[in-house]
Amino acid sequence: MAYPHSEIEARWQQYWEQHKTFRTPEEPDRSRPKCYILDMFPYPSGQGLHVGHPEGYTATDIQARYRRMKGFNVLHPMGWDSFGLPAEQYAIKTGEHPRGITYQNIDTFRRQLKMLGFSYDWDREVATTDDEYVRWTQWIFLQLFKKGLAYEGEMPVNWSPDLCAVLANEEVEEWRAKGHKVERRAMRQWVLKITEYAERLLADLDGLDWPESIKEMQRNWIGKSEGAEVDFAMDGETIRVFTTRPDTLFGATYMVLAPEHPLVDKVTTPGQREAVKAYRAAAAAKSDLERTELAKEKTGVFTGAHAVNPVNGESIPVWIADYVLWGYGTGAIMAVPAHDTRDYEFAQKFGLPIVQVVRPPEGTDWRGYVDDGVAVNSGEFDGLPTAEFKKKITAWLEEKGVGEGKVNYKLRDWLFSRQRFWGEPFPLLHCEKCGVVPVPEEDLPVRLPELTDFRPTPDGQPPLARATEWLKATCPVCGGPAFRETNTMPQWAGSCWYYLRYIDPKNDRALVDPDKEKYWMPVDLYVGGAEHAVLHLLYARFWHKVLFDCGAVSTPEPFRKLVNQGMILGEMEYHADPAAFAAHAAALKERGIEGIEERKDGDVASIILRTRRDGHGAGLPDDLIEKRQGKVFVKDMDLEITGRAEKMSKSRGNVINPDDIVKEYGADSLRLYEMFMGPLTQVKPWSMKGVEGVSRFLSRVYRLVVDDETGDLSPKLSGGEPTKDQLRSLHAAIRKVGGDIERMDYNTAISAMMIFVNEAQAWDALPRSLLSTFVLILSPFAPHLAEELWNRLGHPDSLSGEAWPEVNEEYLKEDEIELPVQVNGRVRGRIRIAPDAGEEAVFELALACPEVIPHLEGKSLKKRIYIPKRMVNLVAAG
RNA sequence: GCCCGGGUGGCGAAAUGGCAGACGCAACAGACUUAAAAUCUGUUUCCCUAAAGGGAGUGCGGGUUCGACUCCCGCCCCGGGCACCA
């Protein structure tokens with residue numbers, strides 16, 4: 001029978017709240033080591049918590065509770081990334097201020113998180129929408145502004161007419177996928193110069209304990225490439241190009257300008273004017289996405305102009321083509337079709353000459369060869385390997401004054417303004433006389449106005465333009481009339497620095513007290529989804545470095561160790577081939593199995609098999625599945641099926657609600673199940689049966705202490721001393737669980753506890769001290785049950801102040817161990833021996849082993865291997 | 001196309017180069033029960049065999065090693081990211 005989890009969990013949650021058990025003192029004992037354990041804070045959506053949230057949050061909670069028991073001062077806070085588009089859309093629809101729904105949603109999230117028993121210090125809770133928080137977000141922006149890292153410009157932006165909002169390049173896909181329209185439009189925008197930090201953002205990745213894949217994604221995003229800029233002369237004009245392969249200059253047979261390149265107008269010859277004009281118009285109409293989507297087929301137009309290759313004086317044609325991007329490098333390239341895939345395709349299509357200048361290794365075609373080799377057809381440079389040639393030619397270019405070495409980054413400046421209401425207002429004023437003037441720091445925060453209509457104005461101005469009174473201000477410089485900035489900041493702003501505010505959330509003189517900052521930073525463990533691999537983590541690192549340069553923080557990087565939890569998928573679904581399904585329709589119906597067609601890319605990919613039990617649809621239960629010859633079939637049928645799990649989604653109907661799980665099995669079961677499913681970082685399917693499994697385990701733990709029938713203490717409990725076997729089991733568990741927590745291998749830690757409980761069930765007498773210690777190692781995982789049992793075992797206070805149990809190696813020593821004996825790598829027999837027995841003694845016993853002897857018969861012993869405490873291998877031949 | 005992950009029983013998974021499949025789920029059998037649920041005990045990678053026992057086996061093909069899920073080389077498949085960045 002299940003233990004009374006609801007009652008137990010309510011009791012201890014109330015206890016923790018009343019006693020502020022997990023409060024981190026303002027002035028912690030500085031002689032202890034610190035540990036800052038952080039979750040990526042959630043956007044409090046109206047949907048409430050989903051099962052993905054508790055995964056990461058439980059992982060950090062275990063870590064926080066464990067570190068406290070190990071004597072660390074732990075900072076483990078939670079808050080809300082509460083600006084966001086859904087609340088704004090709700091406001092537009094209802095005319096209500098988004099504040100209301102936002103704080104309502106926060107209350108729901110807070111209630112749900114408290115229900116899961118996380119050991120957050122709730123006194124440090126922050127929300128990015130709080131006025132006091134906005135104040136410091138704006139303050140940081142002012143520092144950026146004063147450092148010249150924020151500038152204003154007419155920028156082509158991604159405008160979504162149905163969202164009435166500007167999206168960052170990175171966000172376009174997400175919203176398109178949700179069915180919104182996105183088009184390009186030029187608008188006045190605020191931009192942050194993240195490019196100025198590109199090199200540091202790249203270099204400092206090396207020292208971080210992050211998943212290699214995430215670091216690699218950031219490196220690719222920053223996209224550093226080293227090469228040279230080269231000037232090509234063209235009667236009166238100069239076209240500058242960027243290339244990473246200056247060693248292929250002799251192979252440049254034409255040039256390409258981006259359609260937007262300003263020189264296009266100047267150089268186009270009258271005969272080509274019409275064609276060029278038409279091509280540019282067509283290119284302008286395409287979005288970035290369309291340009292790349294249609295990338296398979298190269299397009300372009302000859303301008304009629306020619307330029308001179310500086311290395312050999314040859315005259316080469318100048319084309320325009322949209323495969324050259326105006327936003328990268330100089331917006332112009334020299335084309336070396338022999339050694340660049342794109343140029344090669346283009347040259348083939350338009351019949352342009354292809355000249356080899358790199359000799360590839362033997363047996364490789366030089367056409368389209370893009371890797372390093374040896375120079376040919378390159379005049380005096382012939383015979384040079386690529387790397388050396390690059391250095392020489394760069395020096396040559398610099399000497400002649402026609403080029404120079406150059407580093408380029410793919411990273412673009414960060415488009416920082418949105419035409420929305422529900423975001424931080426920019427602390428900026430527009431003064432007719434003085435231009436853009438920052439709001440004085442003592443006047444922060446600039447609060448949002450009260451409106452009832454949150455739509456953009458009919459002439460396309462942001463919603464803040466509707467606040468006619470709010471707009472009016474006085475210029476702090478000249479005292480003349482000024483107008484407030486009507487753009488707001490993107491959602492990223494608040495999440496760029498929240499980890500700093502937790503350290504000192506109530507400070508009204510600084511965003512964080514420098515002394516406290518120095519103590520707690522950097523974040524020791526940061527856990528969240530991989531979807532923030534690039535954007536949030538890059539933006540936060542950028543702001544942190546700016547703050548570091550301002551002297552506001554003491555570390556160059558904010559997050560020392562990063563872990564991404566893997567996504568939790570829906571329950572496993574079984575699929576069958578549609579034709580086979582149809583052929584077995586009758587027999588399936590008999591078994592209560594029905595099929596749902598699944599379409600992928602317009603084709604029928606498969607049929608999902610479902611049963612209809614208890615009135616609602618469910619997956620195929622395991623008792624209807626059977627394996628034959630390594631394949632999976634529906635039981636007693638000739639229908640082959642395959643299992644697959646998919647993302648949880650409303651449309652698929654496979655969403656699991658944490659509230660339901662807590663109600664039925666309890667928070668401890670949910671926590672424990674999510675940690676037991678598999679490695680934290682891995683993608684894994686949900687299984688309701690798995691939840692029941694861990695729930696049964698917790699019930700068994702409960703029954704070790706409490707008699708199920710009476711509710712009294714179990715009669716097996718004793719005040720006596722534990723036996724040797726009991727101590728060995730316990731200490732093996734302590735060692736395994738502690739080590740696994742350090743490595744965040746929670747699934748195997750839980751399995752170690754299960755092994756202990758399986759053994760403990762067989763014991764007739766259970767010393768209280770033994771179970772008390774076990775409860776301590778269980779407590780980071782299932783804190784409510786642990787507190788309850790700790791209390792029932794006779795400890796009046798919460799276990800949260802207890803130390804993590806020490807492993808006593810003495811108890812783990814075995815008198816005798818079993819050793820497998822292999823002959824030629826196959827286990828043939830087993831011997832029992834003292835663990836510290838000498839090699840000779842081991843071999844003697846092994847050779848005498850009755851199961852081993854027949855396998856050695858008639859053979860000569862070539863080699864004997866003994867791996868202490870592991871195994872014996874006897875190598876025989878003949 | 002490029003860059004990361006990953007591929008082990010019916011399912012989730014475990015294994016410093018040293019007994020592959022711990023632990024859990026499901027399934028099967030048994031105990032308890034009037035019965036069911038719950039609980040407890042046992043079996044459960046596949047193939048051959050009545051059994052004792054034997055053989056095969058960690059996506060595929062090679063290699064290194066006394067010994068490979070683990071290391072090396074070459075492929076295949078799945079998931080994610082990037083994608084005309086010169």
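Proteins get letters first, then strands, A, B, ... in listed order; numbering begins at 1 in each.
- The side chain of A:R870 sits closest to B:rC19 out of B:rC19, B:rA86, B:rG81.
- Distances shorter than 4.0 Å separate none of the side-chain N or O atoms of A:T681 from OP1 or OP2 on B:rG5.
- Base pairing annotation: B:rC75 forms a Watson-Crick or G-U wobble pair with B:rG59, both donor-acceptor distances under 3.5 Å.
- Atom-to-atom, CZ of A:R700 to C1' of B:rC23 comes out at 11 Å; the value is rounded to the nearest Å.
- Nearest nucleotide to the side chain of A:E216, out of B:rC3, B:rU39, B:rC19: B:rC3.
- When the P atom of B:rC11 is taken as reference, atom OH of A:Y574 falls 6 Å away, rounded to whole Å.
- In the interface, the side chain of A:K689 is not paired with the base of B:rC11 through any donor and acceptor atom under 3.5 Å apart.
- Classified by interplanar angle (parallel below 30°, tilted 30° to 60°, perpendicular above 60°), the ring pair A:Y3/A:H5 is perpendicular.
- Taking every side-chain heavy atom of A:Q822 into account, B:rG18 is the closest of B:rG18, B:rC3, B:rC23.
- With B:rA86, B:rG24, B:rC19 as the choices, the nucleotide that has an atom nearest any side-chain atom of A:P820 turns out to be B:rC19.
- Rounded to whole angstrom, the span from the CG atom of A:L569 across to the P atom of B:rC78 amounts to 17 Å.
- Under the 4.0 Å criterion applied to side-chain N and carboxylate O atoms, A:D247 and A:K390 are not assigned as salt-bridge partners.
- The six-membered or imidazole ring of A:F676 lies away from that of A:F697, with a centre-to-centre distance of 6.0 Å or more.
- Between the side chain of A:R830 and the base of B:rC19 there is at least one donor-acceptor pair of N/O atoms closer than 3.5 Å.
- Taking the centre and axis of the six-membered ring of A:Y323, the NZ or CZ atom of A:K298 falls inside the cone set by 45° and 6.0 Å.
- Side chain of A:N873, nearest nucleotide from B:rG12, B:rC23, B:rG18: B:rG18.
- Distance, A:E571 CD to B:rA26 C1': 12 Å, rounded to whole Å.
- For the pair A:M677 and A:D340, both in contact range of RNA chain B, the more 5′-proximal nearest nucleotide belongs to A:M677.
- Centroid-to-centroid, the aromatic rings of A:F756 and A:F774 come within less than 6.0 Å.
- Atom P of nucleotide B:rA86 and atom CZ of A:R245 are separated by 12 Å, given to the nearest angstrom.
- At whole-Å resolution of the value, CG in A:L680 and C1' in B:rA13 are 15 Å apart.
- Comparing B:rC84, B:rC19, B:rC25 by their nearest atom to the side chain of A:M871 picks out B:rC19.
- Straight-line distance from the CG atom of A:L819 to the P atom of B:rG67: 19 Å, rounded to whole Å.
- Syn is the classification of B:rG9, since its glycosidic angle stays within 90° of 0.
- For the pair A:N220 (side chain) and A:G223 (backbone), a donor-acceptor distance under 3.5 Å is absent.
- Of the candidates B:rC84, B:rG24, B:rC40, B:rC40 carries the atom nearest the A:R703 side chain, counting heavy atoms from C-beta on.
- Remark: B:rC19 base-pairs with no nucleotide in the shown strands. Criterion, Watson-Crick or G-U wobble with two distances under 3.5 Å.
- To the nearest angstrom, P of B:rG81 lies 13 Å from CG of A:N564.
- Among the nucleotides B:rG54, B:rG18, B:rG12, the one closest to any side-chain atom of A:H855 is B:rG54.
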